[in-house]
Engineer: 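One structure, as C-alpha cells, below. Some questions next.
What you are looking at is a predicted structure, and each value in this text was computed from that prediction instead of being measured.
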Amino acid sequence: MRLGLALGYWGRGPDPGHVALAQEAERLGYDSVWTAEAWGSDAFTPLTWIAARTSRIRLGTAVAQMAARSPVTTAMHALTLDHLSGGRMMLGLGLSGPQVVEGWYGRPFPKSPLTATREYVEVVRQVLRREGPVELAGRFHSHPYRGEDGSGLGKPLKPITHPLRADLPVLLGAEGPRNIAQTTRIADGWLPLYWSPTRTEAYEASLSGLREGFTIAPMARAKVCDDIAEGLLPVKAMLGFYIGGMGHAARNFHADLMARMGYEEQARQVQELFLAGRREEAVRAVPDAFADEISLVGPRERIAERLASWRAGPVTDLLLLAPDPHTLRVLADLNS
C-alpha cells in the first residue's frame, strides 16, 4: 500500500506550510501529493506550484470538479501539468453535488449524473489519446457544439500540443453504488471520500470484478497524539460540515454514504442540527466511532495496529490528511 499526502483546498488563504510538507513527504518516500477544490482555491494552480518544487512525487487532484471546466479545458490542464512535471500528473475528477454545481458554478446539476460523468471522461480520454479530432454527440457534452443557439460553424479539433502520455491516469471520486461500479469500468482508479477498513462489505458489490492495476485511494485524517478525543475533533468537524452542510436536506450524498455505512440515524441527526444553525451541536453529534474508523489517530502503537487493517483490504494508496511532519514520518516508518 502506497502512501500519499492529501493537502485539500485552502480556507481563507494559502497554507504557507504546504510546499514544505510536500517536500518532506517526497523525502520520506511518499508516492503522491494531492490538492482539491470547493468554491475558493482551484486544484491545479497549487499543484503546479508544488510540482516546481519537487522532482519525484506524483501529483494528483482529489478532486477537480467537473462543473468547473469543460472536459477539454480539464484535459488541457492535465496534459500541460504532465509535461511540466515530467509525467507525474494524475487527474482525479468529481461531479460534486447540486448545491455547489448550481449555487457556485451556476449551471444545472445533470439529471443523469452517471451519463454526464461517462461523457466527460470520454472527452478527456479523446484529448489525451490524440488519435483524431474530439467528437462526441453526447447528452451533456457535444463536440463540436450542435445546439440550436450555436452558429453551426464548430469544427472538430484535436489538441495542438501532443500529450506526454495517452494513458495519463484518470480517477473518479464516487459515492453512490452505481457511480462506484461505473468508475471501475471507465476510470483508472477510485477516490473514496470515507473508507472504513472494517466495513469493506459496504462497497463489495460495486467493486466486484476489479481489473488488475485499478487504484483505490481513500483519504484518511492522520495524527500521532496521546489524546484520541482531541485528535478526532478535526475529523468530526469535517464530517459535521460535509454531512450537514454540503448538500440539501433532501439530497446530500455525504449523509447518504454515512447512512449506508451503518450510521443512518446519526447522519440524519447531524444534518438536522447543522441545517437548523446548531453547528457546534452537529459536530458533537458525529459519533466518535465513525470518525475513528475512517481515520488514523492516536499514539504510534495504536496507529500501527490499525494500519494493518488498511493494508489487509483492497486499498492500493492511502492518502493522508496529515498536518505535521512528525505524523508523516511515523506513518512512513510504519508502512515501510
Side-chain angles (χ1 to χ4, degrees), residues 9 34-39 42-44 47 59-82 89-147 150 154 156-159 161 163 165-193 206 214-217 246-247 251 253:
Y9 45 79
W34 302 75
T35 55
E37 59 189 11
W39 50 90
D42 78 283
F44 290 100
L47 202 61
L59 311 156
T61 55
V63 292
Q65 296 179 329
M66 288 184 249
R69 307 163 189 87
S70 71
V72 293
T73 308
T74 296
M76 289 166 64
H77 278 298
L79 72 85
T80 301
L81 185 46
D82 202 41
M89 177 66 196
M90 296 176 288
L91 180 60
L93 300 170
L95 196 59
S96 194
Q99 183 187 46
V100 176
V101 173
E102 298 185 0
W104 180 248
Y105 294 113
R107 58 182 61 190
F109 187 78
K111 288 184 170 57
S112 178
L114 270 68
T115 301
T117 299
R118 189 166 58 249
E119 291 178 6
Y120 199 103
V121 171
E122 170 57 26
V123 173
V124 169
R125 298 272 200 205
Q126 285 192 37
V127 173
L128 294 175
R129 288 194 298 263
R130 201 179 178 272
E131 294 172 347
V134 175
E135 293 192 78
L136 183 71
R139 177 178 173 185
F140 299 97
H141 299 285
S142 179
H143 296 267
Y145 182 71
R146 298 180 176 88
L157 300 169
K158 65 180 179 180
T161 304
R165 294 180 296 161
D167 59 350
L168 186 153
V170 176
L171 303 90
L172 293 174
E175 294 183 52
R178 293 173 59 219
N179 200 354
I180 297 169
Q182 174 175 271
T183 296
T184 66
R185 298 191 299 271
I186 68 171
D188 301 301
W190 174 41
L191 297 162
L193 181 60
S206 299
F214 187 82
T215 296
I216 298 179
M246 290 281 272
R251 193 169 190 183
F253 301 135

Engineer: Using atom types as modelled and distance alone, determine if a side-chain donor or acceptor of Glu119 lies under 3.5 Å from a backbone N or O of Gly138.
Structural biologist: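 Side chain of Glu119 to backbone of Gly138, a donor-acceptor pair under 3.5 Å: no, none is there.
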Engineer: Of all heavy-atom pairs between Ala64 and Phe44, which one has the smallest distance, and what is that distance?
Structural biologist: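 The answer is CB-CE1, 3.9 Å.
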Engineer: Can you tell if the side chain of Ile180 reaches within under 4.5 Å of the side chain of Trp190, non-hydrogen atoms only?
Structural biologist: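 The answer is yes; the side chains approach within 4.5 Å.
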Engineer: Do the side chains of Val134 and Pro156 get nearer than 4.5 Å, heavy atoms only?
Structural biologist: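 The answer is no; the side chains never approach within 4.5 Å.
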Engineer: Leu191 versus Leu172: any side-chain heavy-atom pair under 4.5 Å?
Structural biologist: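 Side-chain contact under 4.5 Å: no.
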Engineer: Does the side chain of Val121 reach to within under 4.5 Å of the side chain of Ile186, using non-hydrogen atoms?
Structural biologist: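 Touching, per the 4.5 Å side-chain cut-off.
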Engineer: How many angstroms lie between OG1 in Thr35 and CG in Asp42, if you round to the nearest 0.5 Å?
Structural biologist: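 Taking OG1 in Thr35 and CG in Asp42, the distance rounds to 8.0 Å.
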Engineer: Quick check for you: to the nearest 0.5 Å, what is the distance between Arg118 atom CZ and Thr183 atom OG1?
Structural biologist: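 Nearest 0.5 Å value for the CZ-OG1 distance: 11.0 Å.
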Engineer: Is the side chain of Arg130 donor-acceptor paired with the backbone N or O of Pro159 at a distance under 3.5 Å, no angle test?
Structural biologist: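 Side chain of Arg130 to backbone of Pro159, a donor-acceptor pair under 3.5 Å: yes, one is there.
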Engineer: To the nearest 0.5 Å, what is the distance between OG1 (Thr184) and CG (Asn179)?
Structural biologist: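 One gets 10.5 Å once the value is rounded to the nearest 0.5 Å.
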Engineer: Just grab all the side-chain hydrogen bond (donor to acceptor under 3.5 Å, both in side chains) pairs involving residues 70-80, residues at least two apart or on different chains.
Structural biologist: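 Residue pairs with at least one partner in residues 70-80: Ser70-Thr73, Thr74-Tyr120.
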Engineer: Identify the two heavy atoms, one from Glu175 and one from Leu193, that lie closest to each other, and give their separation to 0.1 Å.
Structural biologist: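 Closest approach of Glu175 to Leu193, heavy atoms only: OE2-CD2, 4.0 Å.
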Engineer: Quick one: does Asp82's side chain have a donor or acceptor within less than 3.5 Å of a partner on Met89's backbone?
Structural biologist: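 Side chain of Asp82 to backbone of Met89: a pair is present.
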Engineer: Just by modelled atom types, is the Val63 backbone N or O under 3.5 Å from a matching donor or acceptor in the Thr61 side chain?
Structural biologist: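 No; judged by distance alone, with no hydrogens or angles, the pair does not exist.
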Engineer: Give the intermediate values and the outcome of side chain to side chain contact (heavy atoms under 4.5 Å, CB included) for residues Ser112 and Arg139.
Structural biologist: CA-CA 9 Å; Ser112 178; Arg139 177 178 173 185; 3.4 Å; yes
Engineer: Working to the nearest 0.5 Å, report the span between OH of Tyr105 and CZ of Arg69.
Structural biologist: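 Reported to 0.5 Å precision, the distance equals 6.5 Å.
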Engineer: In the structure I gave you, are the side-chain heavy atoms of Pro108 and Val101 within less than 4.5 Å of one another anywhere?
Structural biologist: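 The answer is no, as the side chains (C-beta and beyond) never meet within the 4.5 Å cut-off.
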Engineer: Side chain of Glu37, backbone of Tyr9: donor and acceptor closer than 3.5 Å?
Structural biologist: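 No, the answer is negative, given that no donor and acceptor are paired below the 3.5 Å cut-off.
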Engineer: Side-chain contact, heavy-atom cut-off 4.5 Å: Met90 with Trp34?
Structural biologist: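 Yes - at least one pair of side-chain heavy atoms lies under 4.5 Å apart.
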Engineer: So do Leu91 and Leu168 actually touch side chain to side chain, heavy atoms under 4.5 Å?
Structural biologist: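 Counting from C-beta outward, Leu168 and Leu91 do come under 4.5 Å.
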Engineer: I need the Thr117 OG1 to Leu95 CG distance, nearest 0.5 Å.
Structural biologist: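 Reported to 0.5 Å precision, the distance equals 4.5 Å.
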Engineer: Between the side chain of Glu102 and the main-chain N/O of Phe109, is any donor-acceptor distance below 3.5 Å?
Structural biologist: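 Such a contact is found between Glu102 side chain and Phe109 backbone.
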Engineer: Closest heavy-atom contact between Ala62 and Ala36?
Structural biologist: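 Where Ala62 meets Ala36 most closely, the heavy atoms are O-CB, 3.3 Å.
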Engineer: Got more than 12 heavy atoms from elsewhere within 6.0 Å of CZ, Arg178?
Structural biologist: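 Atom CZ in Arg178 is not crowded, with 12 or fewer foreign heavy atoms closer than 6.0 Å.
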Engineer: Inspect the contact between Glu131 and Arg125 and indicate whether a charged nitrogen and a carboxylate oxygen are less than 4.0 angstrom apart.
Structural biologist: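 No salt bridge links Arg125 with Glu131.
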Engineer: Report the distance from atom CE of Met76 to atom CG of Leu128, rounding to the nearest 0.5 Å.
Structural biologist: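 Separation between the atoms: 12.0 Å.
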Engineer: Measuring only between side-chain heavy atoms, which start at C-beta, is Glu135 closer than 4.5 Å to His143?
Structural biologist: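 Of all side-chain heavy-atom pairs linking His143 with Glu135, none is under 4.5 Å.
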Engineer: Carefully, step by step, assess Val72 and Val123 under the rule side chain to side chain contact (heavy atoms under 4.5 Å, CB included).
Structural biologist: CA-CA 7 Å; Val72 293; Val123 173; 3.7 Å; yes
